[in-house]
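Chain naming here is simple, since letters A, B, ... match the order of the sequence lines and numbering starts at 1 in each. The shown structure was predicted, so the numbers you read here are calculated from the model rather than taken from an experiment.
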Number of protein chains: 2
Amino acid sequence: MRPSINNRDTAPRRALAELIASRHGHFTAADLIADASQRRVKVGRATVFRTLDLLTDQGSLERLDLPSGEHAYVSCAPREHHHHVVCRSCGQSVEVTDQGLQAVVQSIGARSGYRIESHRLELYGLCPDCQKESGQ
Amino acid sequence: MRPSINNRDTAPRRALAELIASRHGHFTAADLIADASQRRVKVGRATVFRTLDLLTDQGSLERLDLPSGEHAYVSCAPREHHHHVVCRSCGQSVEVTDQGLQAVVQSIGARSGYRIESHRLELYGLCPDCQKESGQ
DNA sequence: ATTTTTGCAAACCTTTTGCATGGAA
DNA sequence: TTCCATGCAAAAGGTTTGCAAAAAT
């Protein structure tokens, strides 16, 4: 499924955008489906997946592969390459820019002989709030 | 499922170890199941998954989340923290050590305020062989 | 003898697809 | 009007589970 060229303004998409906006931290497709049914917003399962793909293609969402193997999404400003730091407790995440990672990637390319085309860095830990709550 | 404490020497496990050893690049659970049935090795689907989990817990395998969303595994020496560079064409992968990444991670922790507990870097590109084959 | 592991089949969960209908442009 | 997007339900994957039988210690 790659509908990336279509982009109409529809009620389901607006509704999903709101559900996503009111979310904290990362969320799964199932989360959105649950949200929708709870708020009595009528959107089909398929539409949720299609919209998530769409937003991901646009760069408004990024898909994380949690250590558990779950696929989760986080919203992000559709801008240049960045990575996410994810709180393992509340799921809140922040975007971080490369900051020296570029050099590491280059060095790995040189040492391995691979021509590196892309990379993905995900960091997990405790966000400031959860550090406090968990008795520091 | 976390059987990590049991570790008996059984025929299915030995068979799977061989199938894995004779694999190049990364592979999925489905790949192993196909290999087994092709070579007429009798192992149940469930056993494949259970063994993959076991080996992953032991550190002999690592699970990759390919950009496509597939879960694949690569064998690796169960040693210290490392990352994988994966060929997007043949799936071959090599392990690389941190080499400066540690500093990047620390700096991200400092800037974000998160207490970083773990991270995961996956690199994708073309291995030396596939670079040649693909017209340089 | 005891405990772990296996195989099987069914259950589960997540994601995708086909297709007719409804809505946007 | 003309396409695109939706919903539905069915299909397709991938992974897990319960349990009795088989194998390992």
Any side-chain donor near an acceptor of the partner, A:Asn7 and A:Gln58, under 3.5 Å =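 Yes, because at least one side-chain N or O of A:Asn7 sits under 3.5 Å from a partner of the opposite role on A:Gln58.
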
ILVMFWY clustering at 4.5 Å (side-chain atoms), partners of A:Tyr124 =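 Members other than A:Tyr124 - counting any ILVMFWY side chain reachable under 4.5 Å - are A:Leu64, A:Leu66, A:Val74, A:Val86.
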
Would A:Leu126 and A:Leu123 show up in the same hydrophobic cluster when neighbours are defined by side-chain heavy atoms closer than 4.5 Å?
->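 Cluster IDs for A:Leu126 and A:Leu123 differ.
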
Go through the steps to decide whether B:His83 and B:His81 satisfy the test ring pair (Phe, Tyr, Trp, His ring centres under 6.0 Å), and finish with yes or no.
-> CA-CA 7 Å; B:His83 301 286; B:His81 186 65; 4.6 Å; yes

Between the two ends of the helix from C:dA1-D:dT25 to C:dA25-D:dT1, what is the bend in degrees, rounded to 10 degrees, where each end axis spans five pairs?
->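 Axis-to-axis angle, ends of the helix: 40°.
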
[X] [atom1] - [N] [atom2] separation (whole Å):
X: B:Leu52; N: D:dG14; atom1: CG; atom2: P; result: 13 Å
X: B:Leu66; N: D:dG13; atom1: CG; atom2: C1'; result: 16 Å
X: A:Tyr73; N: C:dT14; atom1: OH; atom2: P; result: 12 Å
X: A:Leu32; N: D:dG7; atom1: CG; atom2: C1'; result: 17 Å
X: B:Phe49; N: C:dG7; atom1: CZ; atom2: C1'; result: 14 Å
X: A:Asp53; N: D:dA5; atom1: CG; atom2: C1'; result: 14 Å
X: B:Arg63; N: D:dG14; atom1: CZ; atom2: P; result: 13 Å
X: B:Leu54; N: D:dT16; atom1: CG; atom2: C1'; result: 16 Å

Could you check whether any side-chain N or O of [X] sits under 3.5 Å from a backbone N or O of [Y], counting only pairs where one atom can act as donor and the other as acceptor?
X: B:Glu117; Y: A:Arg88; answer: no
X: B:Arg45; Y: B:Ile33; answer: no
X: A:Ser107; Y: A:Ala103; answer: no

Selection residues 20-42 of chain A - residue pairs positive for salt bridge (Lys or Arg N to Asp or Glu O under 4.0 Å), sequence neighbours left out |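 Listed by first then second residue: A:Arg23-A:Asp35.
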
Which residues share a side chain to side chain contact (heavy atoms under 4.5 Å, CB included) with B:Asp65, sequence neighbours left out |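 B:Asp65: side chain to side chain contact (heavy atoms under 4.5 Å, CB included) contacts with A:Asp65, A:Arg120, B:Arg63, B:His71, B:Arg120.
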
Please examine the side chains of B:Thr51 and B:Leu32, heavy atoms only from C-beta on, and report whether any two atoms are closer than 4.5 Å.
->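 Sidechains of B:Thr51 and B:Leu32: no contact.
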
Would you say a side-chain N or O of A:His71 is under 4.0 Å from OP1 or OP2 of C:dT15?
->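 Yes, A:His71 has a side-chain N/O under 4.0 Å of OP1/OP2 on C:dT15.
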
Base-contact (B) and sugar-phosphate-only (S) positions in nucleotides 20-25 of chain D, heavy-atom cut-off under 4.0 Å, - elsewhere = ---BBS

For nucleotides 8-13 of chain C, read 5' to 3', which letter fits each nucleotide if B means a protein heavy atom sits under 4.0 Å from the base, S means only the sugar-phosphate is that close, and - means neither?
-> B-----

After noting the C-alpha distance and the side-chain angles of A:Leu121 and B:Ile108, does the key distance pass the side chain to side chain contact (heavy atoms under 4.5 Å, CB included) rule?
-> CA-CA 11 Å; A:Leu121 175 66; B:Ile108 290 176; 4.3 Å; yes

